[in-house]
Amino acid sequence: MKEDGTTIVIGNLYSGIAARFSEDAKAFKTDLNIMVATHYAFIIDKGFEVKINGDLVKPRPTRLIFTKEPKGKKAPSIQPFIFKTKTKEGVEVFLTVGFTRPIPSQDEIANEQEDKRYSSLDAGWTILCNDRAVLYCDRNELTGWGEAGVPRYHTQFIAISGVVEFRSDDASKLPTTTIKRGIDASSPLYLQIKNKMREGMRLFTDYTYKWKGRAEESKKHIELGTPLSLEEIKTEAMKLPFSATKRSVPQGNQFKPSLPLPKKLESRKRRISFTKNVGEVKTVADYLFKDENTDPSDVGEKCFDLILKEACK
Amino acid sequence: MKHPPYPLRPNKAVDRFMLIEAIRKLELIGDLSEYTYYGFGGPYLEEFRLLYEFCPEIGMVSIEEDGDTLKRQKFHLPCGTLRLERAQFKSFLAQYDSKDEKSIFWLDYTRLDFGAFEDFQVLLEKVAANSVIKVTLRADPGDYIDKADDFRAQFGALMQDPSADPPRDSEQFADFVQDMLQVAAQQVLPAAVEMTFQPLTSFCYADGVSMFTLTGIVCQRAEQKAIRSHFKSWPFASLNWGRPKRIDVPFLSTKERLHLQKHLPCERNTGQRLLKVLGYAIDANNRKSAVKLKQYADFHRYFPYFVKAIP
């Protein structure tokens, strides 16, 4: 070898495995790239480098929206929920959950089946154990979805993402399976932390219910924030007012954000909502705006305004 | 619903004929009457008209979602054996059961959506052996200039390098889209399973908007070599996921075409020889004219004549 390092050569592959590298090479490279970019995102972000056939893998870490300087001390703003602790066994836990982007509108949720404009790929919980992702963007009961007041995962929650980092000098204390590639769902530590995961998730699922039908208004709050990586959130967290959680097990410190609430519609205002045939909406959009792809809510509002003008004559 | 003048797009017309030619070669594999063709015919049902003309024994089904377009289709029915089905394609696909009967599907999309790749994958798993799938997608790099992030967010799961920028050159972009289709095919029909997707033709063209189209056959791996041998000598075949062939036929008057016709076919220095026959350039310069005339020579048998007809 020309440089210091380690070369691993694997020969005598089973025919099915050999085929993955030959006939299925393109799909294999795609899948491997995604796997590395997601599961090793956090360690790549810290400087670890992975190349596949010479191409550097760019990480896809979870980034949560964090409003750094909310107006006034107690002004509601989009920030993640954070819990941190160090157990008696010496395991450090850092948990954070929040939004990765604006919540989807009703039209976008309804059209997701057709347009696939959004991908659920980044939603859900990622669990790290000593920098290794043992679970990536999970959206099932394993991470608390569909349990204890948390709804089952749905496209409405596509913007919600969380990360739990477990760190310990003694790897046997970590809540992983024996092969270190999954989470041990029966681990007492994990079950305790899962309570906090659900507590954090409820804040954000509840937010999506409160802002249902008003995604555009909610977007203004979310756009005030900046997407931050896990390490950046840890840095910003040092400036946040944490409170001790004496009742929870394990005890720790948490920051519960004050998320913006929608203003109640003025009593003099009413919401109008209806569905129409897609072709008819496009026809009217083209007629009014010369663009059949105009947002349906804009089309509806324009129709109302035009008739109101007529009615007021 | 507004529709562009589909029958007047010369490059698309050539591509349509390429499909007919590929279908005719299926006779080397099996009986054409065992096939049913499914397509999005549009208001004029052009491909069904051609299919009925050249392969009347194939059953035909047109799938259309829009009510007004369906009425136009009923008006333009080329024959009594074409069945018009009003349905959204995804719903049709969810219900579709091949019952082991061979089919030909043309997924003729006007956009580039992740959903199109999903439809392709669903079909790969559903169709019977020796069925043909053709996918046409919009492949215009101009759609993604300064929108590389959007492209990666939508198509990252099909890109060998999910951090790459989509190419800006239209032919490279078509090749990129082909790669994505290849990944999609390998994901659902990996080497470990009995069936595979064998590409037959691959083209890119532009009638205003750049498009990419791929045709392939779903077959047993054990029969793949035999099927390849049936298409090997066909000059328009693309059997190895190579770079898409460009269809870019020049617009020539009927008089010019008839004048050139007597010099075809022409094996060597085709473009230059036809340029000499014409005696003038038909593009910006002689070099480009020769390229266009070579295109004409390659596809002249499939290039429609546009004439004024007495209705």
Side-chain angles (χ1 to χ4, degrees), chain A residues 13-38 41 44 50-60 100-101 111-122 137 158 227 277-283 285-287 290-293, chain B residues 1-2 64-70 88-91 93-94 109 111-119 121 124 148-165 175-176 178-193 196-198 221 224 240-241:
Chain A
L13 295 171
Y14 289 128
S15 57
I17 305 293
R20 286 279 279 161
F21 291 113
S22 56
E23 288 165 64
D24 298 340
K26 285 190 178 173
F28 180 75
K29 186 172 185 259
T30 300
D31 293 344
L32 181 62
N33 204 309
I34 291 172
M35 181 75 77
V36 172
T38 54
I44 291 173
V50 179
K51 288 182 187 176
I52 300 174
N53 285 357
D55 296 329
L56 198 62
V57 174
K58 285 194 185 157
R60 288 182 57 163
T100 55
R101 49 34 132 46
N111 291 335
E112 203 244 359
Q113 176 62 26
E114 277 185 42
D115 293 350
K116 228 34 185 200
R117 214 174 298 171
Y118 291 101
S119 167
S120 279
L121 194 63
D122 298 327
C137 290
I158 206 166
N277 179 279
V278 168
E280 289 171 351
V281 174
K282 285 187 175 180
T283 302
D286 187 49
Y287 179 80
K290 302 285 180 266
D291 178 4
E292 65 175 19
N293 295 316
Chain B
M1 187 188 231
K2 210 158 75 171
E64 176 56 53
E65 184 184 345
D66 180 69
D68 282 327
T69 306
L70 190 73
Q88 200 189 33
F89 184 65
K90 278 201 185 324
S91 302
L93 205 52
Y109 298 108
R111 305 190 304 179
L112 182 65
D113 281 334
F114 190 80
F117 293 89
E118 288 184 319
D119 291 347
Q121 288 183 315
L124 284 172
D149 284 343
D150 284 353
F151 186 91
R152 283 188 286 268
Q154 201 175 0
F155 302 109
L158 297 171
M159 291 165 62
Q160 286 188 81
D161 180 5
S163 61
D165 285 344
D175 197 26
F176 200 82
Q178 179 176 258
D179 262 358
M180 283 161 39
L181 280 169
Q182 186 178 10
V183 169
Q186 287 177 357
Q187 283 174 346
V188 294
L189 297 179
V193 307
T196 187
F197 180 75
Q198 166 61 53
R221 277 180 205 276
Q224 190 177 10
N240 299 313
W241 296 100

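These figures come from a predicted structure and were not determined experimentally. Naming convention: chains lettered A, B, ... in sequence-line order (proteins, then strands); numbering from 1 in each chain.
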Heaviest contributor of heavy-atom pairs below 4.5 Å to chain B, chosen from A:Asn33, A:Thr283, A:Asn53, is A:Asn33
So what's closer than 4.5 Å to chain B heavy atoms on A:Asp31: side chain, backbone, both or neither? side chain
Under 4.5 Å from any heavy atom of chain B - which part of A:Leu56: backbone
Engaged part of B:Arg221 at the chain A interface, taking heavy atoms whose separation is under 4.5 Å: side chain
Chain A contact via B:Gln160 - which portion, at a heavy-atom distance below 4.5 Å: both
Contacts of A:Asp55 that satisfy salt bridge (charged side-chain N to carboxylate O under 4.0 Å, His left out) - sequence neighbours left out: A:Lys29
Among residues at least two apart in sequence or on other chains, which ones pass salt bridge (charged side-chain N to carboxylate O under 4.0 Å, His left out) with B:Asp150? none
Please give me the minimum heavy-atom distance between A:Lys51 and A:Gly54, naming the atom from each residue. CD-O, 4.1 Å
Which atom of B:Met180 lies closest to which atom of B:Leu158, heavy atoms considered: CG-O, 3.5 Å
Kindly indicate, with the supporting measurements, whether the criterion side-chain contact (heavy atoms from CB on, under 4.5 Å) is fulfilled by B:Leu112 and B:Phe117. CA-CA 9 Å; B:Leu112 182 65; B:Phe117 293 89; 4.0 Å; yes
Taking only residues two or more places apart in sequence, or in another chain, which ones meet B:Phe176 in a ring-ring contact (aromatic ring centres under 6.0 Å, His included)? B:Phe151
In terms of heavy-atom pairs under 4.5 Å with chain A, which of B:Ser163, B:Ala164, B:Ala185, B:Ala116 leads? B:Ser163
By number, which residues in residues 19-27 of chain A have some heavy atom less than 4.5 Å away from chain B? A:Ala19, A:Glu23, A:Asp24, A:Ala25, A:Lys26, A:Ala27
Once you round to the nearest 0.5 Å, how far does [atom1] of [X] lie from [atom2] of [Y]?
X        : Y        : atom1 : atom2 : result
B:Gln121 : B:Leu189 : CD    : CG    : 9.0 Å
B:Glu65  : B:Phe89  : CD    : CZ    : 12.0 Å
A:Lys58  : A:Ile44  : NZ    : CD1   : 12.0 Å

